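Source: prediction; values computed, not measured. Hydrogens, waters and symmetry mates play no part in the numbers below; they use all other heavy atoms, side chains included.
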Amino acid sequence: MSGEDTGLFIAYVVIGAMAVVPIYYGSYSSLDRLKSSYKKKREHEKNAEFSDSEDEDEDESEAVTSEDAYMFPVYGSVALFSMYVVFKYLRADWINMLLSAYFAVLGVAALTQVGVRIVKGATGIKLSQYHVNVEHRSKKLLAMRFTNLHLGTLGVSAILTAVYLYSKNWIVSNMFGLAFSFSAINLIRLDSFKTGMIMLSGLFVYDIFWVFGTEVMVSVAKSFDAPIKVVFPRNLIGGGEEALRMTMLGLGDIVVPGIF
């Protein structure tokens with residue numbers, strides 16, 4: 001096996017591992033959320049007369065229905081073609097600057113959530129919580145609960161975000177991508193097997209049309225400078241001074257199987 005073949009094999013293995021990890025842990029985390037939600041619902045029903053009617057279940061996952069699944073390819077096509085038109089007729093650097101700012105905010109939130117889960121899972125640490133509630137005329141506008149651990153991981157996430165915005169480092173970009181994938185798999189669930197089949201079938205046709213039938217998908221992917229994929233260099237070993245050539249996998253190819 002030549003050096004190039006070895007590098008490509010390693011890249012495929014690493015990419016595969018980066019796809020499996022968020023699917024595995026995101027799926028288990030999603031199950032824990034469902035169990036916790038069901039337990040809280042049962043406790044609420046048992047103690048309804050003593051419960052505060054304004055309490056809300058913050059662990060509720062977003063369920064995708066059959067109607068949503070039918071519209072997935074439509075919404076995706078509209079968004080994809082809109083991005084294609086924007087990149088074609090406007091300056092790509094300005095568009096990517098706006099997108100970088102948007103994904104920076106999302107990235108800080110996603111990395112903070114994942115960082116807290118990793119630390120808690122590894123150490124089993126339990127800390128006292130701070131509660132912040134904002135109300136206006138007896139209407140709750142904001143409710144937050146956090147610990148010192150959240151503040152610490154928030155600081156680290158902000159530093160990593162600054163590093164990414166400055167350098168576009170592919171390793172930090174992968175960290176964002178994995179955090180986005182985990183968060184999406186953790187939050188989104190299907191309401192039935194039928195919904196999953198509808199969604200996969202629709203996205204199958206969507207991919208065939210936009211990837212092989214037009215230049216739209218490839219053009220947007222090349223112009224879109226944001227952590228929407230995981231990458232690994234195929235020439236990391238034996239590449240010498242040659243620029244890194246990346247093997248990549250889109251986050252959609254991780255999230256969609258994960259929520260199914």
Side-chain angles (χ1 to χ4, degrees), residues 15 18-19 22-23 26 61-111 113 157 161-162 164-170 172-191 195-231 246-260:
I15 289 289
M18 285 193 289
I23 290 176
S61 298
E62 186 69 25
V64 178
T65 64
S66 297
E67 290 74 16
D68 297 328
Y70 279 119
M71 296 304 296
F72 253 72
V74 178
Y75 294 146
S77 297
V78 171
L80 179 65
F81 189 72
S82 298
M83 292 299 299
Y84 174 74
V85 172
V86 167
F87 277 115
K88 187 172 184 178
Y89 293 104
L90 298 178
R91 288 183 57 179
D93 53 346
W94 287 103
I95 301 301
N96 279 318
M97 187 179 299
L98 293 174
L99 290 173
S100 294
Y102 174 71
F103 277 96
V105 175
L106 293 181
V108 169
L111 283 176
Q113 178 197 33
S157 300
T161 300
Y164 171 75
L165 291 175
Y166 177 77
S167 65
K168 299 295 182 180
N169 182 272
W170 62 273
V172 181
S173 177
N174 283 348
M175 295 175 67
F176 278 118
L178 293 174
F180 289 148
S181 299
F182 174 86
S183 299
I185 295 171
N186 182 37
L187 290 173
I188 303 173
R189 62 181 175 85
L190 303 176
D191 67 349
T195 298
M197 291 303 299
I198 293 172
M199 184 173 66
L200 289 178
S201 300
L203 292 177
F204 176 71
V205 176
Y206 165 89
D207 270 346
I208 290 178
F209 177 77
W210 291 112
V211 175
F212 301 105
T214 70
E215 64 165 1
V216 174
M217 180 75 81
V218 175
S219 177
V220 171
K222 289 181 177 179
S223 303
F224 203 97
D225 185 16
I228 58 170
K229 56 187 178 293
V230 290
V231 301
M246 298 295 184
T247 300
M248 65 184 67
L249 180 69
L251 298 189
D253 296 319
I254 300 175
V255 173
V256 172
I259 65 177
F260 188 83

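Taking CD1 of Ile259 as the start and CZ of Arg189 as the end, the distance is 11.5 Å to the nearest 0.5 Å. Of the inter-residue distances, the one linking Ile198 atom CD1 with Glu67 atom CD reads 8.0 Å to the nearest 0.5 angstrom. Once rounded to the nearest 0.5 Å, the distance linking OH of Tyr206 with CE of Met217 reads 4.0 Å. Rounding to the nearest 0.5 Å gives a distance of 11.5 Å between CG of Leu203 and CD1 of Ile208. Interatomic distance, Leu251 CG to Met18 CE, rounded to the nearest 0.5 Å: 10.5 Å. A distance of 6.0 Å separates CG of Leu249 from CD1 of Ile15, quoted to the nearest 0.5 Å.
Minimum interatomic distance between Lys229 and Phe224 (heavy atoms only, all atoms of both residues): NZ-O, 4.2 Å. Shortest non-hydrogen contact noted between Lys168 and Ser100 is NZ-OG, 2.9 Å. For the pair Leu190 and Met199, the tightest heavy-atom approach, listed with the atom from each and the gap, is CD2-CE, 3.9 Å. Across all non-hydrogen atoms, the minimal contact from Ser66 to Thr195 is OG-OG1, 3.1 Å. Nearest approach of Gly26 to Ile185, heavy atoms of both residues: C-CG2, 3.6 Å.
For CZ of Phe81, the number of neighbouring non-hydrogen atoms (other residues, nucleotides, ligands) closer than 6.0 Å is 12 at most.
Between Val64 and Phe72, the closest side-chain pair of non-hydrogen atoms falls below 4.5 Å. Contact check for Val205 versus Pro73: no side-chain heavy atoms found under the 4.5 Å cut-off. The side-chain heavy atoms of Val255 and Phe180, taken from C-beta on, include no pair separated by under 4.5 Å.
At least one donor-acceptor pair under 3.5 Å links the side chain of Asn174 to the backbone N or O of Val231. For Asp68 (side chain) and Thr65 (main-chain N/O), a donor-acceptor pair under 3.5 Å exists by modelled atom type.
When only modelled atom types and interatomic distance are considered, Ser183 and Asn186 share no side-chain donor-acceptor pair under 3.5 Å. Residues Ser219 and Lys88 have side chains that never bring a donor and an acceptor to within less than 3.5 angstrom of each other.
For the side-chain contact (heavy atoms from CB on, under 4.5 Å) criterion with Val220, the lone passing option out of Val86, Leu80, Val85 is Leu80.
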Next item on the list: Test Met83 against Leu99 for side chain to side chain contact (heavy atoms under 4.5 Å, CB included), laying out the working first.
Entry: CA-CA 11 Å; Met83 292 299 299; Leu99 290 173; 3.9 Å; yes

>> Checking Phe87 against Asn96 for the side chain to side chain contact (heavy atoms under 4.5 Å, CB included) test, could you report, in this order, the C-alpha distance in whole Å, the side-chain angles of both residues, the deciding distance, and whether it holds?
In response: CA-CA 9 Å; Phe87 277 115; Asn96 279 318; 3.8 Å; yes

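Two rings, from Tyr164 and Phe176, have their centers less than 6.0 Å apart.
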